[in-house]
Amino acid sequence: MTIKMEQKQLIDLLEQMTLDEKVGQLLQLAAEFYSEKAEEKTGPMTDLGLTHEDINNAGTTLGISGAKEAIRVQKAYMENNRLGIPTILMADIIHGFRTAFPIPLGLGSSWDLEAAKKVAEVSAKEAAVSGLHVTFSPMVDLVRDPRWGRVMESTGEDPFLNSRFAEAFVKGYQGNDLKNDFFRVAACVKHFAAYGAAIGGRDYNTVNMSERQLRDSYLPGYKAALDAGAKLVMTSFNTVDGVPATGNKWLFREVLRKEFGFDGVVISDWGAVIELIPHGVAADKKQAAELAIKAGVDIEMMTTCYTENLKELIEENIVTESTLDEAVLRILTLKNDLGLFENPHRGADVILEKEVVLSKEHRDIARDIARKSIVLLKNEHVLPLSKLEKVAIVGPAADSHDVIGVWSWQGKKDEAISLAQGVAQIGAEYVIGKEAFDYFKPSQAAIDEAVALAKEADKVVLALGEEDWMSGEASSRSDIRLPQAQLDLFDAIQAVNNNIIVTLYNGRPLDLKGIDSAKAVVEAWFPGTEAGTALADILYGEYNPSARLSMSFPETVGQVPVYYNYDNTGRPYKLGDEKYVTKYLDVSNFAKYPFGFGLSYSEFAYTDFELSSHQMNSDQTITVSITVENQSDISGQETVQLYIRDQIGEVVRPVKELKGFEKITLQAHEKKTVQFTITEELLRYVHSDQTFASDAGTFDVMIGSNSRDVLTKTFKLLK
């Protein structure tokens with residue numbers, strides 16, 4: 001009854017709105033339009049040709065920061081809005097608000113869904129008390145090409161794992177009672193659709209794939225986020241089957257609305273509506289507005305195609321007013337779902353903001369989750385370090401605070417912990433140079449000092465990687481190796497001390513040629529505010545590494561995209577000298593470090609791999625069991641991974657697909673049996689006619705510690 005009453009009130013409000021006011025609800029403007037400083041406001045107004053009335057009617061706002069400012073802007077906005085309709089304050093809260101957590105690719109490597117949910121909860125709480133209502137997260141774009149800078153925002157290359165993380169993020173952001181829980185924010189899933197498949201790994205580039213591949217590999221992550229209740233969807237910059245997503249009626253009206261049943265708000269990415277013109281599908285802003293509104297885009301972010309043209313399009317009967325009304329009603333419904341009509345300032349609280357944002361509790365959580373995200377890639381008996389050893393910490397990232405990642409909008413580098421500070425905090429002895437060390441062109445003095453320190457040390461922690469600007473949006477790289485200066489430094493250090501542990505801060509899988517002879521390699525990603533403490537905990541054994549890669553590392557950039565769940569060919573590659581198969585002449589087909597890979601200070605063994613049956617009907621299940629033993633004296637966590645392959649499909653199927661995983665903790669010399677259940681539904685995929693079904697026949701079931709090192713058995717599905 002309440003829901004029906006609320007909907008009626010929203011419809012009544014809609015009917016009171018003028019055509020101009022309705023169109024205004026579809027415009028999103030950035031924070032500077034609401035600034036109290038005339039010079040900040042006037043320039044953007046002139047650039048976009050907006051009037052004060054346009055600004056007063058704009059339905060949503062982007063990038064307001066701080067509770068005091070959020071309250072001021074909302075108050076002024078409602079005073080200027082004839083019907084007293086509140087605005088929605090939105091922002092990019094990607095991996096933390098002020099307390100920065102590991103980048104999503106690092107979080108994906110945790111394989112810890114509760115950790116992801118906790119990141120979203122803490123991020124939402126800090127954002128909400130600071131006045132925000134919506135986050136443009138999670139990004140669930142499937143990624144296979146590390147040249148693309150935005151792989152840092154994704155949780156990896158696997159549809160199953162991405163889907164589970166998508167659910168966790170949405171539940172963490174929105175909670176169970178979004179309207180009344182003022183520590184939560186609404187989630188916007190992005191980018192719909194297939195943005196991660198940009199050709200050549202080049203940002204904003206064309207995507208070209210079959211509808212079957214789109215449905216089978218790329219859409220599941222978005223669908224999982226929507227099924228978890230995400231309130232908004234953001235359009236992608238790329239084309240889908242030749243049509244830019246922001247003007248793609250099939251994608252939004254047919255797939256998103258009808259098939260997925262999504263009734264929430266669709267928002268364009270920044271400037272994506274006007275970009276229909278350079279894409280070559282719209283001649284001008286008027287046609288761009290027509291294509292976008294007919295496709296189902298409710299909010300235009302930071303361009304004015306709707307503002308300038310929708311009224312005329314309706315008057316000319318090119319667009320129906322009912323189409324506009326649908327969009328406005330969805331926006332009003334979102335405002336109602338957030339409780340903004342009753343509480344326009346919602347969670348904004350200047351006092352609580354000081355207590356909550358970057359609190360010790362949140363920093364402690366950030367440290368714990370960062371430790372869970374750091375992957376030990378290599379270890380030739382040099383880790384963990386002893387506090388009694390003389391360790392030199394050298395390199396550009398040794399005392400760098402550039403550790404939070406480029407998408408940490410409110411995070412501050414000077415509040416982040418460097419590696420050297422982290423080592424000092426846990427009470428370990430170390431030496432570090434005094435010379436500033438550049439990532440690309442270190443001074444000769446800095447190099448000489450690092451070499452001298454390494455020569456006198458028992459072991460060397462060589463801290464390398466990317467600067468934050470080298471990954472993220474508009475940061476595609478054709479060469480994903482470490483900068484040459486860092487490779488030269490490695491050689492210089494190795495000449496005087498062979499006990500090198502390389503640590504990496506970076507936003508993508510790298511081509512690690514040049515540091516292959518390091519005794520250990522630790523992939524830390526950009527770990528966030530507590531980067532140094534978390535990394536020090538790993539290096540000194542205060543925490544046993546448990547992370548596993550959610551995206552493969554290539555042997556060389558020439559292999560990319562290289563991913564574990566590839567399709568076989570008629571001439572499949574096998575190790576050997578045969579020439580006329582699908583292979584390179586100069587490198588293997590396989591990743592250097594595959595999906596699911598990661599080492600521990602513990603040693604795990606897999607035995608007693610059993611199936612409850614070797615055949616099943618559609619209404620039956622098979623139980624898969626494996627015993628995992630910790631054969632070391634150190635307790636640790638293992639991620640047991642289940643993969644399945646359909647040997648004979650109606651279309652070519654991947655050589656393996658992740659279908660389940662479980663993280664277990666094993667004390668020293670403890671054994672545990674892990675079980676998975678295989679159902680007929682787990683064996684379904686998208687066929688050539690776009691139906692989602694399973695095939696009768698033989699399947700491989702694989703279990704292991706990563707996608708490469710698995711044990712295999714077979715079973716049959718009977719129909």
Side-chain angles (χ1 to χ4, degrees), residues 92-123 126 135 137-140 143 146 149-156 161-162 165-166 168-169 172-173 358 362-377 397 400-413 415-419 422 463 465-468 470-472 503-510 522-539 543 545-551 598 637 639 663:
D92 289 287
I93 307 154
I94 307 301
H95 53 103
F97 186 69
R98 184 76 164 270
T99 305
F101 292 91
I103 59 173
L105 194 59
L107 289 170
S109 296
S110 75
W111 291 58
D112 190 324
L113 304 180
E114 286 302 314
K117 186 178 178 183
K118 178 58 69 174
V119 167
E121 287 177 1
V122 172
S123 302
E126 290 194 357
T135 173
S137 177
M139 186 188 110
V140 300
V143 294
R150 299 192 79 165
V151 299
M152 64 159 289
E153 290 181 69
S154 171
T155 48
L161 187 64
N162 281 1
F165 272 109
F169 279 124
Y173 285 132
L358 202 68
H362 290 179
R363 293 193 75 130
D364 288 345
I365 295 169
R367 178 177 182 172
D368 180 55
I369 292 175
R371 296 186 306 186
K372 293 177 177 179
S373 302
I374 295 173
V375 188
L376 179 60
L377 294 177
S400 174
H401 294 266
D402 186 4
V403 294
I404 59 177
V406 72
W407 261 123
S408 183
W409 173 51
Q410 289 294 306
K412 298 183 183 299
K413 293 180 182 179
E415 293 170 346
I417 306 298
S418 72
L419 174 57
E466 295 182 313
E467 292 185 293
D468 63 1
M470 296 170 70
S471 58
T503 64
L504 297 167
Y505 291 141
N506 48 289
R508 55 160 56 81
L510 297 172
V522 182
E523 175 53 76
W525 310 110
F526 286 108
T529 304
E530 290 292 322
T533 47
L535 184 50
D537 286 342
I538 294 287
L539 293 174
Y543 186 89
S546 62
R548 304 292 183 261
L549 293 178
S550 61
M551 190 174 182
Q637 283 190 314
T639 300
K663 291 195 76 164

- Taking side chain as C-beta onward, heavy atoms only, is Ile404 less than 4.5 Å from Asp468? no
- Are Phe165 and Ser550 close enough that some pair of their side-chain heavy atoms sits under 4.5 Å apart? no
- Message: Is any side-chain heavy atom of Leu161 closer than 4.5 Å to one of Thr155?
- Response: no
- Go through the steps to decide whether Arg371 and Asp368 satisfy the test salt bridge (Lys or Arg N to Asp or Glu O under 4.0 Å), and finish with yes or no. CA-CA 5 Å; Arg371 296 186 306 186; Asp368 180 55; 3.3 Å; yes
- Item | Test item: Trp111 side-chain N/O and Arg548 main-chain N/O as donor-acceptor pair under 3.5 Å | yes
- Query: Roughly how far, to the nearest 0.5 Å, is CZ of Arg150 from OG of Ser471?
  - Reply: 11.5 Å
- Side-chain heavy-atom pair Glu523, Asn506 within 4.5 angstrom cut-off: yes
- Answer yes or no: is there a side-chain heavy-atom contact under 4.5 Å between Pro104 and Ile94? yes
- Using the side chain to side chain donor-acceptor pair (under 3.5 Å) rule, pick out the option among Gln410, His362, Arg98 that qualifies with Glu126. His362
- If you measure from CG on Leu107 to CZ on Phe169, what distance do you get to the nearest 0.5 Å? 5.0 Å
- Task: Mark yes or no for whether Thr529, through its side chain, and Ala100, through its backbone, hold a donor-acceptor pair below 3.5 Å.
- Result: yes
- Message: Can you tell me how the ring of Phe97 sits relative to the ring of Trp409, calling it parallel under 30°, perpendicular over 60° and tilted otherwise?
- Response: perpendicular
- Message: Between Asn162 and Ser154, is there a side-chain heavy-atom distance shorter than 4.5 Å?
- Response: yes
- Would you check if the side chain of Arg508 reaches a backbone N or O of Pro146 as a donor-acceptor pair within less than 3.5 Å? yes
- Query: Quick one: do the Tyr505 and Ser400 side chains pair a donor with an acceptor below 3.5 Å?
  - Reply: no
